[in-house]
Amino acid sequence: MRASQFHLSTTRETPSDAEIASHQLMLRGGYIRRLGSGLYSWMPIGIRVLRKIEAIVREEMNKAGALEVLMPSVQPSDLWEESGRWGKFGPELLRLTDRHNREFCLGPTHEEVITDIARRDIKSYKQLPLNFYQIQTKFRDETRPRFGVMRSREFIMKDAYSFNIDEASLQHSFDAMHKAYCAIFDRMGLNYRAVEADSGSIGGAQSREFHVLADSGEDAVVYATHGDYAANIEKAAAVCNTTRAQATKEMQRVDTPGVHTIDDLAKHLQVDASLCLKTLLVVGSEEPVVALVLRGDHQLNEIKVEHLPEVAEPLTMADAEQIKAAANCDAGSIGPVGLNIPVIADADAACMSDFICGANSNDQHLTGVNWERDVPQPIVRDIRNVVEGDANPTGEGTLKIVRGIEVGHIFQLGDKYSQAMNATVLDENGKPTMLMMGCYGIGVTRVAAAAIEQNNDDKGIIWPMSIAPFEVVICPVNMVKSDAVKAAAETLYQELSDAGVDVLFDDRPLRPGAMFTDMELIGIPHRFVISDKLLANNEVEYRARADSESSVIAYDQIMSKLVSH
RNA sequence: CGGGGUAUAGCGCAGCCUGGUAGCGCAUCUGCUUUGGGAGCAGAGGGUCGUAGGUUCGAAUCCUGCUACCCCGACCA
């Protein structure tokens, strides 16, 4: 491609509404343009990146035996009524009405449509297993779109759905997708982790998220220093390897006027927050309220709590009235001693001795409290977020926490949708049996942003080769003045094009500085500079975008230079 | 949905407090010079000041409503 025939539209200034690197650089590099909140147009250079990402995804999906389909983005409401999600989904589902007053939605996902296809088309176990995928535009009316295409409302997603006769076959399809996803993200040159994840309200046996590691990531990803344990913090198991120490102090009541938080308490008594006990009251499933108990320096994991049978779903904190009724005090002074409701404690909280907690009396706390002696042994459950340094739940080592951008999610749906929508096939005995399903997504547009988050510097983007809009750029110096430079650049352009290299020839009449700055901003991985001075020795200058130094190489070394990278 | 903020040329901003014919930098266009790290000079074009109403002789500026967008939080199969 000749730059003069292309549309490059770069800006020096950073748009004021862009916060993170990928958003700023995509705008400055002319990759995307904003149309409305969470709505972006992809410009010519941007779509080249998307197409490369899609091509890799297609190849690996096809290789894994998945079959491409394309489903409508507008979906009739009756399918969603069938699955029960028309009522459940909430305002994130953008609903529309057509001229006949029939209701539709813009598809945020396609389980309903694909299940409808499957129940019409798949009759026999002999047709299984099957895996259908599509690359489609989705719409989710996010409460707060942000970070450009990272969390936009309209986005492109690859979604695949496997259909299996039983769980063993489903596990097979799941494993194949896991492998395919690793191949995809490997080929994109991304630093990522596959982690255990909560499967959300959708349920299912297994769930893995693929996270690109980047400081700006919205998720916290946990991994073990030894072994291969890795999980989303929503899911990561908190274990306690210590045992409870002997009680050494007597329980005492102390006045703590105006103390309502663990921070206040720790400061007031001049102790570490880890010696305090935090008690939270939430609405129970059978009891009106239940108490959740954590070490003062730990944080409640709402997702884990919501899964507890004792706790009402969705998770609801007790209101002031309920707290008064259960603990006879206000929030900020609650403690387990004397509470007449179920007490669920985190393992670490249950290991504490001589601890400090609320006295269930305003402006008073108890010190030197001990389980069993002063308060009955609580129910022990995992209800907290792990913290850095926690023990690895699967063995040796400790846990580390990094930020991640979720770019893929695979999980086993089981028969949730086939059950709801009556999708059955005949098994070997001629008996109808529910289809087992798996669901596998990759955020195509988000991958582009994630790749930039992970690969950029103060000059701009540094694309991994496999998803760069162009692989190589030719920068001729002062081509308008030099026929020799022009001829050499044209020849090199021709040779690289003929060799199948995705090359951009910057034939714009720009000064070298402006040209280099542009190309560094848009992030082309390889650059060859041609000038009269170099040509005299039959040389060109080469520089990889990721390198800080350039080198002068012989003209006939160009191809081998590209191959070696 | 709660809290905060912004809206003036394609982008970044000033002007508003204290009302009086809309300005700067970058970008764009023309010409000349320049050409290895965002060139210089000369000239030019481009704005219903988000929108509707009000106050006033006069509103970008003061007042009210509305809308859009951004940030923090809640939310996110």
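Hydrogens, waters and symmetry mates are skipped; everything else that's a heavy atom, side chains included, is used.
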Colleague: Which nucleotide in the set rG38(B), rU35(B), rG37(B) lies at the smallest distance from any side-chain heavy atom of N478(A)?
Modeller: rU35(B)
Colleague: For F528(A), which residues count as a ring pair (Phe, Tyr, Trp, His ring centres under 6.0 Å) partner, sequence neighbours excluded?
Modeller: Y542(A)
Colleague: What string of B, S and - do you get for nucleotides 39-44 of chain B, 5' to 3', if B is base contact, S is sugar-phosphate-only contact and - is no contact with any protein heavy atom under 4.0 Å?
Modeller: B-----
Colleague: rA74(B) and rG3(B): how far apart are their C1' atoms, nearest whole angstrom?
Modeller: 11 Å
Colleague: So what's rC17(B) paired with, Watson-Crick or G-U wobble, going by both distances under 3.5 Å?
Modeller: none
Colleague: Across all strands, who's sitting opposite rA52(B) as a Watson-Crick or G-U wobble pair, both distances under 3.5 Å?
Modeller: rU64(B)
Colleague: Using the C1' atom in both, what is the distance from rC13(B) to rA27(B), to the nearest Å?
Modeller: 14 Å
Colleague: Both distances below 3.5 Å, Watson-Crick or wobble geometry, any strand: find the nucleotide opposite rU34(B).
Modeller: none
Colleague: Applying side chain to side chain contact (heavy atoms under 4.5 Å, CB included), name anything that partners N131(A), two or more places apart in sequence or on another chain.
Modeller: A66(A), A160(A), S162(A), M177(A), Y440(A)
Colleague: Between rG10(B) and rG31(B), how far apart are the C1' atoms? Round to whole Å, please.
Modeller: 24 Å
Colleague: What integer number of Å spans the C1' atoms of rC75(B) and rC17(B)?
Modeller: 39 Å
Colleague: Under a 3.5 Å cut-off for both contacts, is rC24(B) paired Watson-Crick or G-U wobble with anything, and if yes, with which nucleotide?
Modeller: rG12(B)
Colleague: Between rC72(B) and rC29(B), how far apart are the two P atoms, rounded to whole Å?
Modeller: 37 Å
Colleague: For F505(A), give me all partners under ring pair (Phe, Tyr, Trp, His ring centres under 6.0 Å), at least two apart in sequence or on another chain.
Modeller: Y493(A)
Colleague: In the strands shown, is rC29(B) matched to any nucleotide by a Watson-Crick or G-U wobble pair with both distances under 3.5 Å, and which?
Modeller: rG43(B)
Colleague: rC75(B) P sits how many Å from K88(A) NZ, rounded?
Modeller: 19 Å
Colleague: For the pair made of CD in E302(A) and C1' in rA74(B), what is the distance, rounded to whole Å?
Modeller: 10 Å
Colleague: I'd like the C1' distance from rU28(B) over to rG38(B), given in whole Å.
Modeller: 16 Å
Colleague: Which residue pairs pass the salt bridge (charged side-chain N to carboxylate O under 4.0 Å, His left out) test when at least one of the two sits in residues 516-531 of chain A, sequence neighbours left out?
Modeller: R508(A)-D518(A), E520(A)-R527(A), R527(A)-E541(A)
Colleague: Mind checking what makes ring pair (Phe, Tyr, Trp, His ring centres under 6.0 Å) contact with F89(A), not counting sequence neighbours?
Modeller: W80(A)
Colleague: With the threshold set at under 4.0 Å for non-hydrogen atoms, list the residues of residues 28-46 of chain A touching RNA chain B in residue-number order.
Modeller: R28(A), R34(A), S37(A)
Colleague: May I ask you to say what M157(A) touches in the nucleic acid, namely base, sugar-phosphate or nothing, with a heavy-atom cut-off under 4.0 Å?
Modeller: base
Colleague: When the C1' atoms of rA14(B) and rU61(B) are considered, how many whole Å apart are they?
Modeller: 13 Å
Colleague: Which nucleotide in the list rG38(B), rC76(B), rA77(B) gets nearest to the side chain of R151(A)?
Modeller: rC76(B)
Colleague: Check the distance between rA68(B)'s C1' and R153(A)'s CZ and give it to me in whole angstrom.
Modeller: 12 Å
Colleague: List in numerical order all residues of residues 142-149 of chain A for which some heavy atom is under 4.0 Å away from an atom belonging to RNA chain B.
Modeller: T143(A), R144(A), R146(A)
Colleague: For rG58(B), which nucleotide in any strand shown is its Watson-Crick or wobble partner with both distances under 3.5 Å?
Modeller: none
Colleague: Could you please name the partner base of rC1(B), counting Watson-Crick and G-U wobble pairs only when both distances are under 3.5 Å?
Modeller: rG73(B)
Colleague: With rounding to whole Å, what would you report as the distance between rG15(B) and rG20(B) at their C1' atoms?
Modeller: 14 Å
Colleague: For the residue pair E209(A) and K235(A), establish whether any side-chain heavy-atom pair is separated by less than 4.5 Å.
Modeller: no
Colleague: At under 4.0 Å between heavy atoms, how does the protein contact nucleotides 4-13 of chain B? Give one character per nucleotide, 5' to 3', with B, S or -.
Modeller: -------SSS
Colleague: Whole Å only: how far is the CE atom of M519(A) from the C1' atom of rG36(B)?
Modeller: 15 Å
Colleague: Select one nucleotide: of rC71(B), rG38(B), rG36(B), the one nearest the side-chain heavy atoms of F516(A).
Modeller: rG36(B)
Colleague: Just to verify, what does H178(A) make a ring pair (Phe, Tyr, Trp, His ring centres under 6.0 Å) with, not counting sequence neighbours?
Modeller: F210(A)
Colleague: Output side-chain donor-acceptor pairs under 3.5 Å for residues 133-140 of chain A, partner residues at least two apart or in another chain, one line each.
Modeller:
{"residue": "Y133(A)", "atom": "OH", "partner": "N62(A)", "partner atom": "OD1", "Å": "2.8"}
{"residue": "Y133(A)", "atom": "OH", "partner": "E68(A)", "partner atom": "OE1", "Å": "3.3"}
{"residue": "Q134(A)", "atom": "OE1", "partner": "M71(A)", "partner atom": "N", "Å": "2.8"}
{"residue": "Q134(A)", "atom": "NE2", "partner": "H110(A)", "partner atom": "ND1", "Å": "3.3"}
{"residue": "Q134(A)", "atom": "NE2", "partner": "D159(A)", "partner atom": "OD1", "Å": "3.3"}
{"residue": "Q134(A)", "atom": "NE2", "partner": "D159(A)", "partner atom": "OD2", "Å": "3.3"}
{"residue": "Q136(A)", "atom": "NE2", "partner": "M71(A)", "partner atom": "O", "Å": "2.4"}
{"residue": "K138(A)", "atom": "NZ", "partner": "H110(A)", "partner atom": "ND1", "Å": "2.6"}
{"residue": "K138(A)", "atom": "NZ", "partner": "D159(A)", "partner atom": "OD1", "Å": "3.2"}
{"residue": "K138(A)", "atom": "NZ", "partner": "D159(A)", "partner atom": "OD2", "Å": "2.6"}
{"residue": "R140(A)", "atom": "NE", "partner": "P108(A)", "partner atom": "O", "Å": "3.0"}
{"residue": "R140(A)", "atom": "NH2", "partner": "P108(A)", "partner atom": "O", "Å": "2.9"}

Colleague: I'd like to know if R140(A) reaches the base of rA77(B) with its side chain, counting only an N/O donor and acceptor under 3.5 Å.
Modeller: yes
Colleague: Show me the donor-acceptor pairs, under 3.5 Å and distance only, between side chains in residues 531-540 of chain A and residues at least two apart or in other chains.
Modeller:
{"residue": "S531(A)", "atom": "OG", "partner": "L534(A)", "partner atom": "N", "Å": "3.3"}
{"residue": "D532(A)", "atom": "OD1", "partner": "S482(A)", "partner atom": "OG", "Å": "2.8"}
{"residue": "D532(A)", "atom": "OD2", "partner": "S482(A)", "partner atom": "OG", "Å": "3.1"}

Colleague: Among the nucleotides rG36(B), rA77(B), rC26(B), which one has an atom lying closest to any side-chain atom of R12(A)?
Modeller: rC26(B)
